[in-house]
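Below, chains carry the letters A, B, ... as their sequence lines are ordered, and counting in each starts from 1. What's counted below: heavy atoms across the whole structure, side chains too, no hydrogens, waters or symmetry copies.
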2 protein chains.
Amino acid sequence: LITGQDVSKVYHNGGVPIEALKGVSFSIEKEAFVSVVGPSGSGKTTLLNLIGCLDKPSGGRLLVAGTDVAGLGRTDAAIFRGSHIGFIFQSFNLIPVLTAYENVEYPLIMVQNVPAAQRRRQVQDLIAAVGMSDQQTKRPDQLSGGQKQRVAIARALVTHPQLVLADEPTANLDHDTAMGIIRLMKGIRKELQTTFVFSTHDVRIIDEAEGIYRIEDGLLKESHNQGGG
Amino acid sequence: LITGQDVSKVYHNGGVPIEALKGVSFSIEKEAFVSVVGPSGSGKTTLLNLIGCLDKPSGGRLLVAGTDVAGLGRTDAAIFRGSHIGFIFQSFNLIPVLTAYENVEYPLIMVQNVPAAQRRRQVQDLIAAVGMSDQQTKRPDQLSGGQKQRVAIARALVTHPQLVLADEPTANLDHDTAMGIIRLMKGIRKELQTTFVFSTHDVRIIDEAEGIYRIEDGLLKESHNQGGG
Ligand SMILES: Nc1ncnc2c1ncn2[C@@H]1O[C@H](COP(=O)(O)OP(=O)(O)OP(=O)(O)O)[C@@H](O)[C@H]1O
Ligand SMILES: Nc1ncnc2c1ncn2[C@@H]1O[C@H](COP(=O)(O)OP(=O)(O)OP(=O)(O)O)[C@@H](O)[C@H]1O
Ligand SMILES: [Mg+2]
Ligand SMILES: [Mg+2]
């Protein structure tokens, strides 16, 4: 589903250029359930942002579902993202003025234009699946860290995307809640043939991943498959 | 150092009142290195916010370093906090317009009025101790998740507080970086007789904690000590 050829990213912020990715090449198949691991600051979020069309590579080629995403203009990138990708951000990025329910509903309105009755079913199903039914009328500032994280997870999954990019999705979750989320994702992967790519330090996810890609200092150090989970 | 007697917290936000803490009683000694654990939404952040004078209990008594913190007015609470407590927030709460260096320096200027030369030494020592020397001129939006977390850690420790409240301080850190942070904190606890209270799901911290307080649904379910680490 995803092929990267010598993908690089350099941040220019007025000072010394920062090479976050120094030319990585990789391939991730459809329906994969894989994880990118590596030390803090090694380039994981950068890589996910590029695959997810939230940023552009400085060099190299990046194909996602057959599309060269580096070549997309801003509007086309947003349309492509909305049609294919669910993203769970490391910092959640919930909309402060919307309730938990409305945050999850948002992409169905703004991006996919789903009819109201179907929309309601899809939102309620995902909110229940992440254990947030009792909390759905709250705004983000009224939720705990792990509750916000679960709203972010529900929002990424509600559009039934082809590809889910999950940046540290369980960092704020206790063991049982995290395992529930991992099971939910495995179920969705099986039922909807969804591809999941995680960036994570969480051994609970790493243990379930069927492929591990290790990034260190902007370089892909190794990748290998392990038995299915 | 900290004594809580039947501490409760009810959030009123226009709807049904939320009982985040339903009367917890506990005691934490000076120089403790302990952890509060529990499911997502169980009341951990709420408890730390009360101990740290960032919020007030709805009921009960809470003594921190001999002071009844529930009775403090806003200004006195801020002064008490600045004089005694370092807080590592679950969402980091860095100041977006300041660099990493300036974020760490901030409490020394605004709260403790430390002279420039001494201030520079203290800030550089902590920034080096959390492995952020190379990144100190960046603003928060130019840092990775784990890098922001480490800036938040340095900022909480730079004032040499009597009590450190650390809410999920290693959630975004890889194993080696997290172990380095835990060692740093153990060292500070020994050298400065600092008390550390963590709220965490991270077994790496739980394994090092010498006391565990378990919260579930706003109630303290159990507390017990385990061997030193
Ligand atoms: N401002 C608020 N208004 C209403 N309810 C709140 C508010 N803050 C927290 N709560 C609720 O109080 C309960 C406890 O929240 P708290 O943040 O203490 O949980 P937590 O144990 O830290 O969870 P996590 O592990 O997910 O960070 C939760 O159900 C939460 O939704
Ligand atoms: N906007 C930016 N400007 C400058 N440098 C940046 C920017 N964003 C990230 N970086 C740098 O690029 C490197 C990689 O960042 P990235 O966020 O991809 O790391 P990460 O592997 O996700 O780390 P973590 O595990 O801490 O989340 C880091 O050194 C970071 O400081
Ligand atoms: Mg990251
Ligand atoms: Mg919390």
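Atom-to-atom distance recorded for A:K148:NZ and B:Q90:CD is 7.0 Å, nearest 0.5 angstrom. Atom OG1 in A:T170 sits 10.0 Å away from atom NE2 in B:H201 (nearest 0.5 Å). Taken to the nearest 0.5 Å, the CG atom of A:D167 stands 10.0 Å off from the OG atom of B:S144.
The contact between B:Q142 and chain A is made entirely by side chain atoms (from C-beta outward), counting heavy-atom distances below 4.5 Å. Looking at A:L143, neither its backbone nor its side chain comes within 4.5 Å of chain B, counting heavy atoms on both sides. Only the side chain of A:K138 comes within less than 4.5 Å of a heavy atom of chain B; its backbone N, CA, C and O stay farther away. If you measure heavy-atom distances from A:E168 to chain B, the contacts under 4.5 Å come from the side chain alone. Looking at A:N172, both its backbone and its side chain come within 4.5 Å of chain B, counting heavy atoms on both sides. Using a 4.5 Å cut-off between heavy atoms, A:R150 touches chain B through its side chain atoms alone.
Environment of OH in B:Y106: sparse, with no more than 12 heavy atoms of neighbouring residues, nucleotides or ligands closer than 6.0 Å. Around CZ of A:R139, the count of heavy atoms belonging to other residues, nucleotides or ligands within 6.0 Å does not exceed 12.
Every ring pair (Phe, Tyr, Trp, His ring centres under 6.0 Å) that A:F80 has, sequence neighbours left out, goes to A:H84.
Proximity to chain A among residues 39-49 of chain B is limited to B:P39, B:S40, B:G41, judged by heavy-atom separations below 4.5 angstrom.
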